[in-house]
Peer 1: 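Sharing a structure below in structure tokens format, with a few things to ask.
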Amino acid sequence: MDMKKRITLELRNRSPAEIVELVVDNSRSADGEVEGLTDEFTELEFLSVVNVGLSSLAKLPSLPKLRKLELSDNNLSGSLETLAQKCPNLTYLNLSGNKIKELSTLEALKNLKSLQSLDLFNCEITSLEDYRESVFELLPQVTYLDGFDQEDNEAPDSEADDEDEDGEDRAGPTGDYGEEDDEEEDEEGSEGREEDYEDEDDYAEEEEEKEGVKGEKRKRDVDDEGEEDDEDEDN
């Protein structure tokens, strides 16, 4: 699917000004240029254009609110000056898997004053001697290069942290509550059984008392009958 058609589909009947994030990975750019993206995307903050065959950024529209740009696995070898002109507020830029060979190519990024993280994995430039030191010296505003700072501290994964927090918020109470409920049910059940047992004992005692009363009554009846018989014999 070509890039322009993909962008139209991603709009889903919304206006470009409503779009904050846009992903058109693995679509195709026929002439190596950005297609279907216009300066009407005024609220766009995240754009991912991975593996679409880009060889130039010359037609990239003005995206003043864009902060994160994914351009990995394309054929870019230059024209990076467009980024400073069209996306001046970029904080994250991924150029991994492109044809960037020379340190001089990155000089165009000096004007991205807010750029904090830059990825150049699988670019030929990474094989240069003192590659990391040279990039940090050229772009002092950059804190993280290929995921690590100058002291080799890994960049925090803010998205993962957000997911964890969301997960914790969505997650219900831990199993302790369930165990307590089970214990309470067991206790209630045992109490109920004890009450049943007590009721049964009371019932048995009542039956015994009734039987005892009946026995005594029968005994009295027998005695009375005996006395009547004796009287009849005397008569």
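Side-chain atoms are counted along with the backbone in the values below, which use heavy atoms only and exclude waters and symmetry mates.
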Peer 1: When you check the gap from the basic side-chain N to the acidic O, do Lys68 and Glu70 get nearer than 4.0 Å?
Peer 2: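 Between Glu70 and Lys68 there is no salt bridge, as every charged N stays at least 4.0 Å from the carboxylate O atoms.
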Peer 1: So which atom in Ser56 and which in Ser79 form the shortest heavy-atom distance, rounded to 0.1 Å?
Peer 2: CA-OG, 3.9 Å
Peer 1: So, does Arg132 use its side chain to make a donor-acceptor pair with the main chain of Phe148 at under 3.5 Å?
Peer 2: yes
Peer 1: Could you list who else is in Leu9's hydrophobic cluster, with ILVMFWY side chains joined at under 4.5 Å, directly or through other members?
Peer 2: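 Direct or chained contacts put Leu9 with Met1.
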Peer 1: Would you say the side-chain atoms of Thr8 pair up with the backbone N or O of Lys4, donor to acceptor, closer than 3.5 Å?
Peer 2: yes
Peer 1: Applying the side chain to side chain contact (heavy atoms under 4.5 Å, CB included) test to Leu120, which of Leu106, Asn98, Asn94 qualifies?
Peer 2: Leu106
Peer 1: Just by modelled atom types, is the Val50 backbone N or O under 3.5 Å from a matching donor or acceptor in the Asp25 side chain?
Peer 2: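 Present.
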Peer 1: For a quick test of reading the model, state the closest non-hydrogen atom pair linking Met3 to Glu33 and the distance between them.
Peer 2: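 That would be SD-O, 4.4 Å.
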Peer 1: Take a 6.0 Å sphere around CD of Glu133 and say whether it holds more than 12 heavy atoms from other residues, nucleotides or ligands.
Peer 2: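 Count over threshold, so yes.
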Peer 1: Can a donor-acceptor pair be found, under 3.5 Å and without considering hydrogens, that links the side chain of Asn74 to the backbone of Val52?
Peer 2: yes
Peer 1: For Asn75, check side chain to side chain donor-acceptor pair (under 3.5 Å) against everything at least two apart and list the hits.
Peer 2: none
Peer 1: With a 4.0 Å cut-off on N to O distance, would you call Lys65 and Glu45 a salt bridge?
Peer 2: no
Peer 1: Excluding sequence neighbours, so at least two apart, what forms side chain to side chain donor-acceptor pair (under 3.5 Å) with Glu18?
Peer 2: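 Side chain to side chain donor-acceptor pair (under 3.5 Å) list for Glu18, sorted by chain: Ser15.
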Peer 1: Return the minimal non-hydrogen interatomic distance between Lys110 and Leu138, and the atom names on each side.
Peer 2: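 Looking at all heavy atoms of both residues, the closest pair is CE-CD1, 3.2 Å.
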Peer 1: Strictly distance-based, threshold 3.5 Å: is any side-chain N or O of Asp149 a donor or acceptor partner for the main-chain N or O of Asn153?
Peer 2: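 It does hold such a pair.
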Peer 1: Side chains of Leu83 and Leu60: closer than 4.5 Å at any heavy-atom pair?
Peer 2: yes
Peer 1: What I'd like to find out is whether the side chain of Leu63 reaches to under 4.5 Å of the side chain of Pro61, using heavy atoms alone.
Peer 2: yes
Peer 1: Do side-chain atoms of Arg14 reach the backbone of Glu10 as a donor and acceptor pair under 3.5 angstrom?
Peer 2: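 Yes; judged by distance alone, with no hydrogens or angles, the pair exists.
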